[in-house]
Amino acid sequence: MNSPLLQLLVLAGIAIFLILRLKSVLGTRDGFEPSQQTRPSTPTPSRRQDFEVIDGGPDHDITDHVAEGSDDAKALADMKRTDSSFAVGEFLQGAKQAYEWILMSFERGQMDEIRPFLDDDVFDAFNSVVEARAQQGLTIEAEFVGVRETTLAGARFDNATNTAEITVRFIGELISVVRDQNGEIVEGEPGKAKKQKDTWTFERVMGSDDPNWRLVATDE
């Protein structure tokens, strides 16, 4: 066997070996299988479709706190449409913090700090109590234990003025001891917490430059 023929046979053998190896790695196409570029894929919803589904459903930021379709829910929805930065959950967190701050400022007689956040009638009512205590020589030792419950109790929205009112019911715990001018305890017990129940109404013009809510009414 001459050398050229031998080389040809060797090359043919190598070619057959390579073809078999490629088939074992890549698999076999039968001519009817779609190409990789045209293979159909599972359809996925577009971003717009996802938004429409969410937008059409209940707003859990509202329905987590009031009944769906209620007057309170409609009022809260109007607030959110008027002011896109408003969220019910965030408002209630802020109201909880405001409750502690205003209550403790009142207990300690620090009325100047909270004056901008109170309606005139509320301020006058709180301040008259503080002044009466001072005239009697009474002092307050107060410690806030915590808020046990914060519940949205009502909501109203005036579309003509964009004025929103939200009523919140608080249940907190407070240690408060009242002493007379001689230092004798006339009310309360050191270290013993008492339950504090309050229903407060906050007001704000939605969409205004002032982000603060004012306390406009109080009740037990």
Side-chain angles (χ1 to χ4, degrees), residues 45 47-107 110-130 144-174 195-220:
R47 291 181 180 271
R48 179 61 185 168
Q49 288 174 325
D50 288 342
F51 175 78
E52 288 173 350
V53 170
I54 295 172
D55 189 55
D59 185 343
H60 293 291
D61 181 49
I62 294 176
T63 58
D64 284 350
H65 304 287
V66 298
E68 184 178 357
S70 64
D71 290 341
D72 291 338
K74 293 175 183 176
L76 293 171
D78 286 340
M79 295 178 200
K80 298 187 77 167
R81 276 191 290 269
T82 304
D83 189 338
S84 60
S85 66
F86 171 70
V88 180
E90 291 179 3
F91 165 82
L92 289 175
Q93 279 297 114
K96 180 179 177 181
Q97 295 172 357
Y99 176 67
E100 176 181 353
W101 178 53
I102 293 174
L103 185 61
M104 293 307 294
S105 295
F106 164 71
E107 290 287 339
Q110 300 167 340
M111 296 301 299
D112 289 341
E113 294 184 4
I114 58 176
R115 178 67 183 90
F117 305 96
L118 306 182
D119 179 76
D120 290 342
D121 290 341
V122 174
F123 175 81
D124 291 342
F126 280 17
N127 198 53
S128 64
V129 174
V130 172
F144 195 81
V145 177
V147 178
R148 302 307 179 204
E149 184 178 320
T150 304
T151 307
L152 200 157
R156 288 174 35 183
F157 185 73
D158 187 335
N159 286 283
T161 62
N162 290 340
T163 301
E165 285 189 1
I166 301 179
T167 300
V168 184
R169 184 177 299 112
F170 300 100
I171 298 179
E173 288 189 14
L174 180 73
K195 187 177 292 185
Q196 179 84 18
K197 295 182 180 180
D198 291 288
T199 301
W200 288 6
T201 299
F202 299 89
E203 180 184 272
R204 177 178 176 250
V205 176
M206 306 302 288
S208 67
D209 293 334
D210 186 357
N212 295 313
W213 293 75
R214 288 189 312 141
L215 178 61
V216 297
T218 63
D219 198 358
E220 293 183 0

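At a threshold of 4.5 Å between non-hydrogen side-chain atoms, the residues Ile166 and Leu152 count as touching. Looking at heavy atoms from C-beta onward, Thr218 lies in side-chain contact with Phe126 at the 4.5 angstrom threshold. Considering only heavy atoms from C-beta on, Phe144 stays 4.5 Å or farther from Glu107 through its side chain. The closest side-chain heavy-atom distance from Met104 to Leu174 is below 4.5 Å. At a threshold of 4.5 Å between non-hydrogen side-chain atoms, the residues Thr82 and Phe157 count as touching.
Counted within 6.0 Å of CG on Asp112, heavy atoms from surrounding residues, nucleotides or ligands total 12 or fewer; the atom is thus considered open. Within a 6.0 Å radius of CD in Gln110, more than 12 heavy atoms belonging to other residues, nucleotides or ligands are found.
In terms of heavy atoms, Ala75 sits closest to Ala155 at CB-O, 3.7 Å. When all heavy atoms are compared, the tightest approach of Arg169 to Ala153 is NH2-CB, 3.8 Å. What you find for Pro58 and Glu68 is that their closest heavy atoms are CB-OE2, 3.8 Å.
Shown here are the side-chain hydrogen bond (donor to acceptor under 3.5 Å, both in side chains) partners of Asp219, two or more places apart in sequence or in another chain: there are none. Partners of Ser128 under the side-chain hydrogen bond (donor to acceptor under 3.5 Å, both in side chains) rule, at least two apart in sequence or in another chain, do not exist in this structure. In this view, Asp120 and Arg115 satisfy the side-chain contact (heavy atoms from CB on, under 4.5 Å) rule, not counting sequence neighbours. Listed by chain and number, the residues in a salt bridge (charged side-chain N to carboxylate O under 4.0 Å, His left out) with Asp78 are Arg81 (sequence neighbours excluded). Remark: Phe123 engages no residue in a ring pair (Phe, Tyr, Trp, His ring centres under 6.0 Å) (not counting sequence neighbours).
We find the CD-CD distance between Glu203 and Glu165 to be 5.0 Å, quoted to the nearest 0.5 Å. We find the CZ-OG1 distance between Arg156 and Thr163 to be 10.0 Å, quoted to the nearest 0.5 Å. For the atom pair CE of Met79 and CG of Asn162, the computed distance is 11.0 Å after rounding to the nearest 0.5 Å. With values rounded to the nearest 0.5 angstrom, Phe202 atom CZ is found 11.5 Å from Phe117 atom CZ. Trp213 contributes atom CH2, which lies 5.0 Å from atom CZ of Phe91 (distance to the nearest 0.5 angstrom). Interatomic distance, Leu92 CG to Gln97 CD, rounded to the nearest 0.5 Å: 11.5 Å.
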message: Checking Met111 against Leu118 for the side chain to side chain contact (heavy atoms under 4.5 Å, CB included) test, could you report, in this order, the C-alpha distance in whole Å, the side-chain angles of both residues, the deciding distance, and whether it holds?
response: CA-CA 10 Å; Met111 296 301 299; Leu118 306 182; 4.1 Å; yes
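Checking each of Asp210, Asp83, Asp119, Asp209 against Arg204 for a salt bridge (charged side-chain N to carboxylate O under 4.0 Å, His left out) leaves exactly one that passes, namely Asp83. Screening Leu215, Val168, Asp198 for a side chain to side chain contact (heavy atoms under 4.5 Å, CB included) with Tyr99, the sole residue that qualifies is Asp198.
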Return a table of donor-acceptor pairs under 3.5 angstrom between the side chains of residues 60-67 and protein atoms on other chains or two or more places apart.
| residue | atom | partner | partner atom | Å |
| --- | --- | --- | --- | --- |
| Asp61 | OD1 | Val88 | N | 3.4 |
| Asp61 | OD1 | Gly89 | N | 3.0 |
| Asp61 | OD2 | Lys80 | NZ | 2.8 |
| Asp61 | OD2 | Val88 | N | 2.8 |
| Thr63 | OG1 | Asp59 | O | 3.2 |

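Using cut-offs of 30° and 60° for the angle between ring planes, the Trp200 and Phe170 rings count as perpendicular.
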